[in-house]
Amino acid sequence: MLTDPSLEFFLLFSVLLIITLPILSRSPKLHAIPTVGSTTWIGSCWSAIKNLSGVSEIVQEGYDKYKDVPFKIPTLYNWIVVVSGNKLLEEVRRAPNGQLSSDEANNDFFKTPFTIGHRVARDPYHFSIIKTHLNRQLTTLFRSIENEIAFTLNETFGSENSEWTSVVALDAIRKVVSRASCLALFGLPLCRDPSWLELCLQFSSDVVLSGRVLELFPSFMWPVLAKFVTSTSRHTSKGIKYLGPIIRERQRGRTARPCDEDQTDTPNDFLQWVIENGAETSEWEITQRIMAMWFASVHGTSTTLLSALYNLAAHPEYLKPLREEVDYLVHRDGWTKAAVDKMHMIDSFLKESHRLGGFSTLVMQRKVLRDFTFSDGRVVPRGCLISAPSYAIHHDEETYSSPNAFDPFRFSRLRLHENETREQLVSLSSEFLTFGHGKQAWYGHVYPYL
């Protein structure tokens, strides 16, 4: 036991110095970018500690003071430079991935090498597979995904003739999202295995939790601490018990099938696309890749859908027009992708729910790999993060009329008078940043500080 007060003070000061060293040694290049909060080193350290619980207030303060001008906020071991306005966001959007990297920003936040796998962090080729194959196969997959969603909804909520049943909304949504995602990733019957789904949900929770724990320590300590706070190997080992037999069977089938043989019976899902890609062949590597893709596809989706469900419950007057739109289009075109693409009111309802209740304060995150200079001459040095204040932009009265009011058909009305595709939920712009902006949008957009 330490009894010398001076020694205790020395140890405490040493720990504090290690924690705050990156802030103390800030680059002079950052001086041209205003700081939100205190500019002293003690004040910056205290702000960084407070920001661990969320940055919504400090980001809003910065946006109100420095709108359309870069400003910075401290984290424990780094700075986040926040940018807004068409001009600055366009400059970030156009920057090459080798200079401003979404992949590396996500790796830093989720600690991907330690929480999911080093190879996954080093080469996230699964996103390219999804973009190419899923877009090409979406029409084919649409019917089976729709059937699985309907099956899961009936199983979760009961049929039309069932009595009222109480459910936990978030749990129910997670079940629906998980089953639909699993179907696209590796098909039946595994997507209905409750033990496998529970493993996937636990894996997702552990990735987020482990990443936040490692965030409390400097990066040089992550490799050691990861052995104690992450469950990567354990989750992968459990995953192989489910996926291993399927992987082996499909690999044998691929080897035995002649190149010119009709392949109409080949599975059409992400697992098969990874196997056909051939970049990874071991069960361990493929299992980690599958679980990484599952995490990317499900993480955050349940929360945003929950917001839409709550808005619908709070405004039941919109049920009738939404149902009428769906009934009309399904009766005419069936449950097809073409029909869903024409559901402008549904699309607007979901987009407004995203805008008003987005689950992230900062999105469009980029890690600076080489010093980045804005057109006004301000420099963001290597190692810093750049992000956009989605919540502040989505609630700006100069961008949206009555920005704090829920207006479910805001965007469907705009589609009648303006560029139709620009107002779609999936359209990217500097005014609607839920999915990020630019080539690195969708999977690289979230910096989940609430």
Side-chain angles (χ1 to χ4, degrees), residues 36 54-68 82-86 88-89 169-170 172-173 300-329 340-364 387-437 441 445-450:
V36 180
V55 297
S56 56
E57 292 184 4
I58 195 171
V59 169
Q60 188 65 55
E61 177 187 346
Y63 184 81
D64 294 338
K65 288 182 178 179
Y66 305 110
K67 183 180 177 181
D68 298 338
V82 182
V83 299
S84 61
N86 292 331
L88 293 177
L89 290 174
L170 183 57
I173 289 176
T301 303
S302 298
T303 305
T304 52
L305 286 179
L306 183 66
S307 176
L309 180 62
Y310 282 162
N311 283 328
L312 191 59
H315 302 279
E317 66 272 19
Y318 299 122
L319 276 168
K320 186 174 185 294
L322 290 173
R323 281 175 173 166
E324 288 177 347
E325 179 184 61
V326 173
D327 288 343
Y328 171 75
L329 289 169
V340 172
D341 287 343
K342 297 171 185 175
M343 296 178 185
H344 296 175
M345 295 171 70
I346 291 286
D347 187 88
S348 179
F349 191 98
L350 292 173
K351 185 171 182 177
E352 179 71 350
S353 295
H354 274 277
R355 182 194 70 82
L356 199 59
F359 66 96
S360 292
T361 300
L362 295 174
V363 300
M364 195 178 167
S387 196
S390 60
Y391 186 91
I393 292 173
H394 293 169
H395 290 74
D396 189 335
E397 61 184 9
E398 293 183 8
T399 304
Y400 295 98
S401 61
S402 302
N404 296 317
F406 179 67
D407 182 0
F409 304 134
R410 179 191 302 270
F411 299 102
S412 57
R413 290 195 303 271
L414 291 173
R415 292 176 75 164
L416 296 175
H417 308 291
E418 301 182 11
N419 185 320
E420 180 175 310
T421 59
R422 183 180 184 277
E423 303 302 334
Q424 289 179 316
L425 170 62
V426 296
S427 297
L428 307 177
S429 74
S430 59
E431 298 176 353
F432 185 76
L433 295 167
T434 295
F435 302 106
H437 196 24
H445 72 286
V446 178
Y447 197 94
Y449 277 130
L450 302 181

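It should be emphasised that the depicted structure is a prediction, and the values quoted were computed from it without experimental measurement. Only heavy atoms go into these numbers, but all of them, side chains included; no hydrogens, no water, no symmetry mates.
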- Query: Is there a donor-acceptor contact under 3.5 Å from the side chain of R415 to the main chain of M345?
  - Reply: no
Requested in this report: Check for a donor-acceptor pair, side chain of R410 on one end and backbone N or O of K351 on the other, with a separation under 3.5 Å.
Outcome: no
Which residues share a side-chain hydrogen bond (donor to acceptor under 3.5 Å, both in side chains) with [X], sequence neighbours left out:
{"X": "E398", "value": "K67"}
{"X": "N86", "value": "S430"}
{"X": "E57", "value": "none"}

Which atom of [X] lies closest to which atom of [Y], heavy atoms considered:
{"X": "I173", "Y": "L306", "result": "CD1-CA, 3.5 Å"}
{"X": "V36", "Y": "G62", "result": "CG2-CA, 3.5 Å"}
{"X": "S412", "Y": "H344", "result": "CB-O, 3.7 Å"}
{"X": "P389", "Y": "V82", "result": "CD-CG1, 3.6 Å"}
{"X": "D68", "Y": "S84", "result": "N-OG, 3.1 Å"}

Looking at [atom1] of [X] and [atom2] of [Y], how far apart are the two atoms once the value is rounded to the nearest 0.5 Å?
{"X": "Q60", "Y": "D396", "atom1": "CD", "atom2": "CG", "result": "8.5 Å"}
{"X": "S56", "Y": "L362", "atom1": "OG", "atom2": "CG", "result": "9.5 Å"}
{"X": "L322", "Y": "E317", "atom1": "CG", "atom2": "CD", "result": "10.0 Å"}
{"X": "H395", "Y": "Y400", "atom1": "NE2", "atom2": "OH", "result": "10.5 Å"}
{"X": "D347", "Y": "E325", "atom1": "CG", "atom2": "CD", "result": "9.0 Å"}
{"X": "S348", "Y": "R413", "atom1": "OG", "atom2": "CZ", "result": "7.5 Å"}

_Quick check: Y391 with Y63 (ring centres under 6.0 Å apart)?_
no
Determine whether [X] and [Y] make a side-chain contact, defined as any pair of heavy atoms from C-beta on separated by less than 4.5 Å.
{"X": "F349", "Y": "L312", "answer": "yes"}
{"X": "F432", "Y": "H354", "answer": "yes"}
{"X": "N311", "Y": "Y318", "answer": "no"}

